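Take a look at the structure below.
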Amino acid sequence: MGLMLHFDKSDRLDFIEATVASELSFSGIQLSGRPFGEVLDELRLNSIEFSLDGSGCVLTGYGIELYTPAPDELDIDVEGVALRGPVESLESSGASETMVDPPANEDTLF
């Protein structure tokens, strides 16, 4: 299915990596297997906020990260999508565990 599941020390699902084979989409936008620039254009057209980083971009407030091997070259395909849960790790933050409310226009990824 093109999914790799990662678990924390307590055996809780912590992180999902999705390859092109998963055909993952969000709000009707195919996220991988297409040029990074095209994906960014569609995100903008659908008013989905994102921030660029050294490996692609992060969809603001959704826990979705797009990976491309050359984020400065917009014609290179997105090769993977990472999905992270909204629960902040106790170990990494030192804070108490809190659940972030999902955005009002929450979308199903699968």
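Given the structure is predicted, the values throughout are model-derived calculations rather than measurements. Residue numbers start at 1 and run along the sequence shown. Because only heavy atoms are used, hydrogens play no part in the values below, and waters and symmetry mates are left out as well, while side chains stay in.
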Sorted by chain and residue number, the salt bridge (Lys or Arg N to Asp or Glu O under 4.0 Å) partners of Asp53 (sequence neighbours excluded) come out as none

Transitively linked via ILVMFWY side-chain contacts under 4.5 Å: Leu83 with Leu13?
yes

Under a single-linkage definition using a 4.5 Å side-chain heavy-atom cutoff for Ile, Leu, Val, Met, Phe, Trp and Tyr, are Ile76 and Leu74 assigned to the same hydrophobic cluster?
no

In this structure, CD1 of Ile29 is separated from CG of Leu43 (nearest 0.5 Å) by 4.5 Å

Flag the pair Leu31 / Val78 as yes when at least one side-chain heavy-atom distance between them is below 4.5 Å, and no otherwise.
no

Please report the interatomic distance CG(Leu5) to CG(Asp14), rounded to the nearest 0.5 Å.
11.0 Å

Results of side-chain hydrogen bond (donor to acceptor under 3.5 Å, both in side chains) for Asp41 - residues two or more places apart only:
Arg44

From Ile48 atom CD1 to Glu42 atom CD, the distance as rounded to the nearest 0.5 Å
9.0 Å

Relative to the ring of Phe26, is the ring of Tyr62 parallel (under 30°), tilted (30 to 60°) or perpendicular (over 60°)?
perpendicular

Kindly indicate, with the supporting measurements, whether the criterion side-chain contact (heavy atoms from CB on, under 4.5 Å) is fulfilled by Ser22 and Met1.
CA-CA 5 Å; Ser22 69; Met1 291 182 55; 5.9 Å; no

For Leu52, the side chain to side chain contact (heavy atoms under 4.5 Å, CB included) test, sequence neighbours excluded, returns Phe36, Leu40, Phe50, Cys57

So how far is it from Ile16 CD1 to Met4 CE, rounded to the nearest 0.5 Å?
11.0 Å

In short, side chain to side chain donor-acceptor pair (under 3.5 Å) pairs touching residues 63-83 with sequence neighbours left out are Glu65-Arg84

For Ser10, enumerate each residue passing the side chain to side chain contact (heavy atoms under 4.5 Å, CB included) test, keeping only those at least two apart in sequence or located in another chain.
Asp8, Arg12

Kindly write out the residues that satisfy side chain to side chain contact (heavy atoms under 4.5 Å, CB included) with Glu38, not counting sequence neighbours, or none if the list is empty.
Arg34, Pro35

Please enumerate all residues that pass side chain to side chain contact (heavy atoms under 4.5 Å, CB included) together with Glu49, with sequence neighbours excluded.
Thr60

